[in-house]
Protein chains: 2
Amino acid sequence: MTSMTIGKIARLAGVGIETIRFYERTGLIDEPPRRESGYRQYPEETVARLRFIKRAKELGFTLREIKELLELRIDPNTTCEDIRHRAEAKISDIEEKIRTLERMKEALMKFTLACNGRGPISECPILEAMEDENNDASVDADGDTNT
Amino acid sequence: MTSMTIGKIARLAGVGIETIRFYERTGLIDEPPRRESGYRQYPEETVARLRFIKRAKELGFTLREIKELLELRIDPNTTCEDIRHRAEAKISDIEEKIRTLERMKEALMKFTLACNGRGPISECPILEAMEDENNDASVDADGDTNT
DNA sequence: CTTGACTCTGTAGTATGGTACGGGCCTTAT
DNA sequence: ATAAGGCCCGTACCATACTACAGAGTCAAG
């Protein structure tokens, strides 16, 4: 069986060495066996696991959620449906973020259209809109966007 | 002229006391004069400024960007156009984020549709898609979404 | 056998936007 | 006058996902 150093799996998976050690600390990947010298010796599967993490991150899952997915995956009682639920919940998360961003964009566009780009800032409708306490720039539906 | 304690302007502006001190530390609001006792004494305008910050945040500006807006606002050379450029740039930011989220959503939906919700996880198309190095879950156009 | 690349540990720092806490004065109302 | 609440400062902490660095040991090629 092949086993690789941390640098090698980092290269193969396309992540940094420090990232792998970080994932180990946070329990996303198992502690690998060590050589006598203390060097980590990774089995090939670790590369797949790192790639899984990377892909899940690209799909919008947080490391915490990815950890849960990985735990679900080894639990024999997990069904395909459980996984689908996670995916659907994440789709809802994403949709909510999109809606919030759309509301921000609409508000900004409204202000921007009102601004002809000329004149002093004392009359800038964009600044006025932000200063004015009585306009509906209230966009944060539930206070979670990106921050 | 009226002047208020930190607790009062916090209530009026709808932010926390600690937040105001944090904004002071980071230069978003000026250091106010103090009483003999050391108590901060805020002029009324500070409430408007805090509300401006709040609203700009809701529109998707970061504190750094808000600081820039506030600096632009006091610069006599700033034109309405400068402000409009900021707003337009922010609209572009937001659009980019939306696009990235849409791509994530599409990918997740594709996987989810392929999953009938039955069967063991060993055959779950969602997990398979994430494990497989050769599918196009590559969603991160430029690596900045929400993280 | 040497040298350069690699790996080890532990700690600290990055960015973002705050929040919390402790110990000690200050203010204000009763 | 006294008690409750407000405010002071400095520091540390929250989540998120890493990244950097120092100082020391290890490995492999030439």
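All values below come from the heavy atoms of this structure, side chains included, with hydrogens, waters and symmetry mates left out. Naming convention: chains lettered A, B, ... in sequence-line order (proteins, then strands); numbering from 1 in each chain. Please read these numbers as outputs of a predicted model, since none were measured by experiment.
- Here Glu44(B) pairs with Thr2(B) under the side-chain hydrogen bond (donor to acceptor under 3.5 Å, both in side chains) rule; sequence neighbours left out.
- Note: Leu101(B) CG to Ile98(A) CD1 = 5.0 Å, rounded to the nearest 0.5 Å.
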Please report, to 0.1 Å, the donor-acceptor pairs under 3.5 Å made by any side chain of residues 22-31 of chain A, with sequence neighbours excluded.
residue  : atom : partner  : partner atom : Å
Glu24(A) : OE1  : Arg40(A) : NE           : 2.8
Thr26(A) : OG1  : Phe22(A) : O            : 2.9
Thr26(A) : OG1  : Tyr23(A) : O            : 3.3

Protein-nucleic acid N or O pairs under 3.5 Å, nucleotides 20-22 of chain D:
residue : atom : partner  : partner atom : Å
dC21(D) : N4   : Glu18(A) : OE2          : 3.3

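- For Arg40(B) and dC8(D), the shortest distance from a side-chain N or O to OP1 or OP2 is below 4.0 Å.
- Going from atom NZ of Lys8(B) over to atom P of dT27(C) covers 16 Å, rounded to whole Å.
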Let me check something: any side-chain donor-acceptor pairs from residues 82-95 of chain A under 3.5 Å, sequence neighbours excluded? List them with distances.
residue  : atom : partner   : partner atom : Å
Asp82(A) : OD2  : Thr79(A)  : N            : 2.9
Asp82(A) : OD2  : Thr79(A)  : OG1          : 3.4
Arg84(A) : NH1  : Cys115(B) : O            : 3.2
Arg86(A) : NH1  : Glu68(A)  : OE1          : 2.8
Lys90(A) : NZ   : Gly60(A)  : O            : 3.3
Lys90(A) : NZ   : Glu65(A)  : OE1          : 2.9
Lys90(A) : NZ   : Glu65(A)  : OE2          : 3.1
Lys90(A) : NZ   : Asp93(A)  : OD2          : 3.1
Ser92(A) : OG   : Glu88(A)  : O            : 3.3
Glu95(A) : OE2  : Lys105(B) : NZ           : 3.2

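- When rounded to the nearest whole Å, the span between NZ of Lys67(A) and C1' of dA15(D) equals 15 Å.
- Regarding Phe61(A), its CZ atom lies at a distance of 17 Å from the C1' atom of dA17(D), rounded to whole Å.
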Provide a list of protein-nucleic acid N or O atom pairs under 3.5 angstrom, restricted to nucleotides 3-6 of chain C.
residue : atom : partner  : partner atom : Å
dC6(C)  : O2   : Tyr39(A) : OH           : 2.9

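- Between the CD atom of Glu24(B) and the P atom of dG10(D) there is a distance of 11 Å, given to the nearest Å.
- Remark on DNA chain C: of its neighbouring residues Gly38(B) and Ile53(B), the 5'-side contact belongs to Ile53(B), judged by nearest-heavy-atom nucleotide.
- Remark: Glu18(A) engages no residue in a side-chain hydrogen bond (donor to acceptor under 3.5 Å, both in side chains) (not counting sequence neighbours).
- Glu58(A) places its CD atom 14 Å from the P atom of dA17(D), with the value rounded to the nearest Å.
- Here Thr19(B) reaches the OP1 or OP2 of dT19(C): one of its side-chain N or O atoms lies under 4.0 Å away.
- Here Arg64(B) reaches the OP1 or OP2 of dT16(C): one of its side-chain N or O atoms lies under 4.0 Å away.
- Considering only residues two or more places apart in sequence or on other chains, Glu71(B) meets the side-chain hydrogen bond (donor to acceptor under 3.5 Å, both in side chains) condition with none of them.
- Within the structure, a side-chain polar atom (N or O) of Tyr23(B) is placed less than 4.0 Å from OP1 or OP2 of dG18(C).
- Of the possible donor and acceptor atoms, none in the side chain of Arg51(B) sits under 3.5 Å from a partner among the backbone N and O of Gly14(B).
- Annotation: side-chain contact (heavy atoms from CB on, under 4.5 Å) contacts of Asn77(A) (sequence neighbours excluded): Asp75(A).
- Taking the centre and axis of the six-membered ring of Tyr42(A), the NZ or CZ atom of Arg49(A) falls outside the cone set by 45° and 6.0 Å.
- For the pair Ser37(B) and dC7(D), the criterion of a side-chain N or O lying under 4.0 Å from OP1 or OP2 is not met.
- Rounding to whole angstrom units, CD of residue Glu36(A) and C1' of dC27(D) are separated by 14 Å.
- Distances shown here put a side-chain N or O of Lys57(B) below 4.0 Å from the OP1 or OP2 atom of dG18(C).
- When the C1' atom of dC8(C) is taken as reference, atom OH of Tyr42(A) falls 12 Å away, rounded to whole Å.
- Partners of Arg99(A) under the side-chain hydrogen bond (donor to acceptor under 3.5 Å, both in side chains) rule, at least two apart in sequence or in another chain, are Glu96(A).
- If you check every strand for non-hydrogen atoms under 4.0 Å, Thr62(A) touches sugar and phosphate atoms only.
- The distance from atom CZ of Phe22(A) to atom P of dG13(C) is 17 Å, rounded to the nearest whole Å.
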